[in-house]
Amino acid sequence: MSDESPAPRQFVLPDNLISFVDLSRVRRELAALDDSFYQAGLRKAGQPTQLSRSSRTLEDLASANQVSLLDAAHRAQLIATLDAFDKQAQQIHMSFAAEPSAKFVSHIIVWLRQNIHSLILLEIGLQPSLAAGCMVRTNNKMIDMSLRHRFFENRHLLDQKIRETYTP
Amino acid sequence: MSSAWLDTILIVGSLLSATLAFIWVAYRVGSSGSAVKKGVEDFGAAAEVDVEHIFNDEFREELRNRGRLHFEKIIGENAMFLQQDLRLTTSQINEYMKQEITKTLQEAFVKYEESITDAKQLALESIQKTQVAVEQQRELMGQQLSNEISAEKKRSLERFENNMADIVNHYVLAAIGNQISLDDQLDYILAELERNKPAIIEDINAGN
């Protein structure tokens with residue numbers, strides 16, 4: 001273990017940490033890991049011990065932020081960072097007509113973190129009536145990017161075509 | 001029938017006239033006899049002697065015959081005059097009655113014709129007023145119907161235009177909703193996000 005305190009650097013979220021649910025799960029997992037290491041430090045010689053396993057998301061988070069999960073100080077720093085981030089994290093909600101695949105969500109979150117905010121979280125919802133496209137909801141706005149909205153915006157084209165067809 | 005009645009009147013009138021003339025002649029003859037008797041009493045005695053010679057039975061019979069003939073002549077003439085007067089009067093009465101009846105009938109016909117004309121005029125005016133009212137009502141109803149049809153057409157068009165997007169969306173969803181993959185929509189969604197990027201960034205920054 002290293003006693004060096006981690007250098008301050010910008011917090012980074014991995015691509016597979018997408019939502020508040022993921023963030024809470026990673027936070028609980030990290031706390032459990034930290035407890036596990038603490039229990040292991042307290043055990044007497046010869047007693048069996050079982051370290052908790054870390055998920056891929058936690059490992060990616062640690063890797064992305066150059067944190068060693070074996071270092072207690074790094075773990076404590078990461079827990080504090082996650083707690084602070086949990087209170088001020090920005091999130092965006094997107095509704096789709098069907099359950100999106102992981103690959104699809106990954107593409108979306110990458111785009112959002114590259115173009116909107118590097119620490120943004122994404123909540124996925126279902127809205128079958130959309131047919132296609134999606135509905136984006138931020139703190140104060142709701143942006144309809146569905147096919148239904150596109151139909152509504154371009155209804156004059158259909159109206160014009162109908163009039164052309166039925167005008168004698 | 002009226003001719004028989006007139007003949008009866010003529011005969012009765014002739015008989016009455018003859019009776020009156022006979023009574024008058026008898027009265028005159030009687031009164032002249034008594035006057036001669038009073039006026040010439042002195043001569044009466046002298047005449048009585050010769051009277052039987054002058055006014056003998058033959059002469060008296062001759063006078064009676066002459067008087068009878070004269071009386072019959074007068075009676076006949078009077079009867080003829082009376083008959084002529086009666087015929088003339090009857091003719092005048094007939095003519096007068098005919099004129100009066102014709103005049104009355106003409107007046108009645110004129111009044112009847114005027115009444116008919118007035119009634120006809122009233123009926124025509126009433127029919128014309130009814131026709132005008134019906135025409136106005138028809139125009140009003142036509143206008144109302146046209147307005148209602150236009151309003152309903154406008155409402156239908158507005159309802160169709162307002163719900164057009166939902167109708168088409170429902171149709172697309174029902175027709176190919178299950179065949180639209182989200183992976184296939186990725187480019188479209190990213191393009192839409194790119195299009196709304198400033199608005200999203202603005203809202204995210206406002207929330208910080």
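Labels below follow one simple rule: chain letters A, B, ... track the order of the sequence lines, proteins then strands, and each chain is numbered from 1.
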| query | Are B/Leu190 and A/Ile108 close enough, and set up right, to give a side-chain contact (heavy atoms from CB on, under 4.5 Å), and what steps lead you there? | reply | CA-CA 7 Å; B/Leu190 290 178; A/Ile108 295 292; 4.0 Å; yes
| task | State whether the number of non-hydrogen atoms from other residues, nucleotides or ligands found under 6.0 Å of B/Tyr112 atom OH is greater than 12. | result | no
| message | Once rounded to the nearest 0.5 Å, what's the spacing between atom CG of B/Leu193 and atom CD1 of A/Ile92? | response | 7.0 Å
| message | Report which part of A/Ile143 has an atom under 4.5 Å of a heavy atom belonging to chain B: side chain, backbone, both, or neither. | response | side chain
| field | More than 12 heavy atoms of other groups within 6.0 Å of B/Gln84 CD | value | yes
| request: Verify, without hydrogens or angle tests, whether B/Gln185 (side chain) and A/Gly133 (backbone) share a donor-acceptor contact under 3.5 angstrom. | output: yes
| request: Check whether any side-chain heavy atom of B/Asn196 lies under 4.5 Å from a side-chain heavy atom of A/Val136, and answer yes or no. | output: no
| message | Can you confirm whether A/His149 is buried at NE2, in the sense that more than 12 heavy atoms of other residues, nucleotides or ligands lie under 6.0 Å from that atom? | response | yes
| query | How many angstroms lie between atom CD1 of B/Ile200 and atom CZ of A/Arg137, to the nearest 0.5 angstrom? | reply | 13.0 Å
| request: Counting only heavy atoms closer than 4.5 Å, note whether A/Thr138 contacts chain B via side chain, backbone, both or neither. | output: both
| query | What do the steps show when you test B/Ile189 against A/Met94 for side-chain contact (heavy atoms from CB on, under 4.5 Å), and what is the final call? | reply | CA-CA 11 Å; B/Ile189 291 173; A/Met94 294 182 74; 4.2 Å; yes
| said: So does A/Ala132 get a backbone contact from the side chain of B/Tyr188, meaning a donor-acceptor N/O pair under 3.5 Å? | reply: no
| task | Show the numbers, then the answer: is there a side-chain contact (heavy atoms from CB on, under 4.5 Å) between A/Arg150 and B/Glu192? | result | CA-CA 11 Å; A/Arg150 179 62 69 92; B/Glu192 286 292 312; 2.5 Å; yes
| query | Crowded around B/Glu58 CD? As in, over 12 foreign heavy atoms under 6.0 Å? | reply | no
| query | Is the backbone N or O of A/Asn140 less than 3.5 Å from a side-chain atom of B/Asp203, with the two atoms forming a donor-acceptor pair by type? | reply | yes
| message | Just so I understand: if I count every heavy-atom pair under 4.5 Å between each of A/Phe152, A/Phe96, A/Phe104 and chain B, which residue has the most? | response | A/Phe104
